[in-house]
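Any value given below was found using the heavy atoms of this structure, including those in side chains, with hydrogens, waters and symmetry copies removed.
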There are 2 protein chains.
Amino acid sequence: MNAMKWSPAVTAATSTRELAHPSCAEIRLEGVLHALSDPLRLRIVRELAVVDDELSCSHFELPVSKSTTTHHFRVLRESGVIEQNYRGTAKMSGLRREDLDRLFPGLLDSVLGAATAQAARLGDN
Amino acid sequence: MNAMKWSPAVTAATSTRELAHPSCAEIRLEGVLHALSDPLRLRIVRELAVVDDELSCSHFELPVSKSTTTHHFRVLRESGVIEQNYRGTAKMSGLRREDLDRLFPGLLDSVLGAATAQAARLGDN
DNA sequence: ACCTTACTACGATGGGTATCGTACGAAGCG
DNA sequence: CGCTTCGTACGATACCCATCGTAGTAAGGT
């Protein structure tokens with residue numbers, strides 16, 4: 001879907017920095033569950049949930065390289081879990097709470113609750 | 001333990017057919033989400049939920065080979081989602097509802113509800 | 001203009017996993 | 001005792017995916 005080579009000509013500059021998001025109709029439960037099944041991504045989602053606001057990618061201190069971080073954010077965005085947009089040099093990410101709650105009522109909250117419960121059970125970490 | 005060419009001798013028979021299950025303390029949220037993120041496995045779990053009983057593996061008519069079916073049931077069992085035991089030649093599978101509800105309250109129900117909602121949204125299939 | 005910060009794209013790599021076919025083992029039935 | 005049904009184990013294959021490093025683009029500050 002983004003394999004285009006993008007013509008080196010004009011390039012309106014602003015249009016380049018648009019990010020593709022799935023519409024609500026395109027969001028699949030299996031994709032959401034898969035996105036949330038990675039420890040790093042679940043951690044990102046939990047942080048986004050507690051601040052209940054958009055955060056820049058660089059706010060997260062993840063034990064992986066920057067390119068890997070980019071990869072995880074893309075998985076979250078393409079599965080419909082988060083929404084991303086550029087603000088200056090920063091790329092802000094926020095949960096698609098309303099969309100998810102409408103599509104899958106209670107799912108996000110129970111996953112977040114389960115993650116918190118498990119973190120407590122395992123001594124946070 | 002059984003890589004041998006098969007010694008035709010004693011072979012206690014009953015001890016062979018025990019299945020390993022994770023204890024509650026060993027069940028990980030990420031593992032559960034991963035197990036549920038596969039369409040086939042989600043379908044199995046949904047069927048187990050509606051009948052609210054144990055079902056034999058062969059009851060499911062899945063569009064994959066028998067060995068693949070075995071694989072998916074094993075993933076579900078090793079992640080802690082289902083419980084399995086032999087009954088005669090059949091292998092019965094049932095949801096570990098109580099364990100999951102205790103570990104992750106509301107999670108299973110919201111996933112099942114989300115799956116049902118999505119099935120309705122996509123025209124069942 | 002330059003430099004810094006922030007993020008991306010690409011290619012590579014290693015491990016995971018979904019799939020299959022074949023061959024075999026265990027229970028039950030005739 | 002055969003035969004059937006049900007499921008497993010194993011090896012192979014092909015694809016997915018998490019990870020990295022390098023090189024590059026975009027926006028903003030000085």
For this session: Can you check each nucleotide of nucleotides 13-20 of chain D against protein heavy atoms at under 4.0 Å and return B for base, S for sugar-phosphate only, - for none, in 5' to 3' order?
Result: ----SBBB

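Pairs of residues two or more places apart, or lying in two chains, that qualify as salt bridge (Lys or Arg N to Asp or Glu O under 4.0 Å) and include a residue from residues 98-123 of chain B are B:Arg96-B:Asp99, B:Arg97-B:Asp109, B:Asp99-B:Arg102. Counting only residues at least two apart or in different chains, salt bridge (Lys or Arg N to Asp or Glu O under 4.0 Å) contacts with residues 46-62 of chain B comprise B:Glu54-B:Arg87. Annotation: ring pair (Phe, Tyr, Trp, His ring centres under 6.0 Å) contacts involving residues 87-120 of chain B, sequence neighbours excluded, are absent.
Rounded to an integer number of Å, the gap from OH of A:Tyr86 to P of D:dA27 is 10 Å. The distance between atom CD of A:Glu18 and atom P of C:dC7, rounded to the nearest whole Å, is 17 Å. We find that CG of A:Leu19 is positioned 13 Å from C1' of D:dA26, with the value rounded to whole Å. Spacing between atom CZ of B:Phe73 and atom P of C:dT19 amounts to 13 Å, rounded to whole angstrom units. A:Asn85 has its CG atom 17 Å from the P atom of C:dA6, to the nearest Å.
Every residue meeting the side chain to side chain contact (heavy atoms under 4.5 Å, CB included) condition with B:Val45, not counting sequence neighbours, appears here in chain and number order: B:Leu36, B:Leu76, B:Val81, B:Leu95, B:Leu108, B:Leu112. Residues passing the side-chain hydrogen bond (donor to acceptor under 3.5 Å, both in side chains) test with A:Ser37, sequence neighbours excluded: none. In this structure, the ring-ring contact (aromatic ring centres under 6.0 Å, His included) partners of A:Phe73, at least two apart in sequence or on a different chain, are A:Phe60. Under the rule for a side chain to side chain contact (heavy atoms under 4.5 Å, CB included), the partners of A:Ser56 that lie at least two apart in sequence or sit in another chain are A:Ser58, A:His59, A:Ala90, A:Met92.
Residues of residues 44-62 of chain B having a heavy atom closer than 4.0 Å to DNA chain D, listed by number: B:Ser56, B:Cys57, B:Ser58.
Relative to the side chain of A:Thr89, the nucleotides C:dT5, D:dC6, D:dG7 differ in distance, and C:dT5 lies closest.
With rounding to the nearest 0.5 angstrom, the CG atom of B:Leu40 is 9.0 Å from the OG1 atom of B:Thr68.
Using a 4.0 Å heavy-atom distance criterion, A:Arg87 is classed as making no nucleic acid contact.
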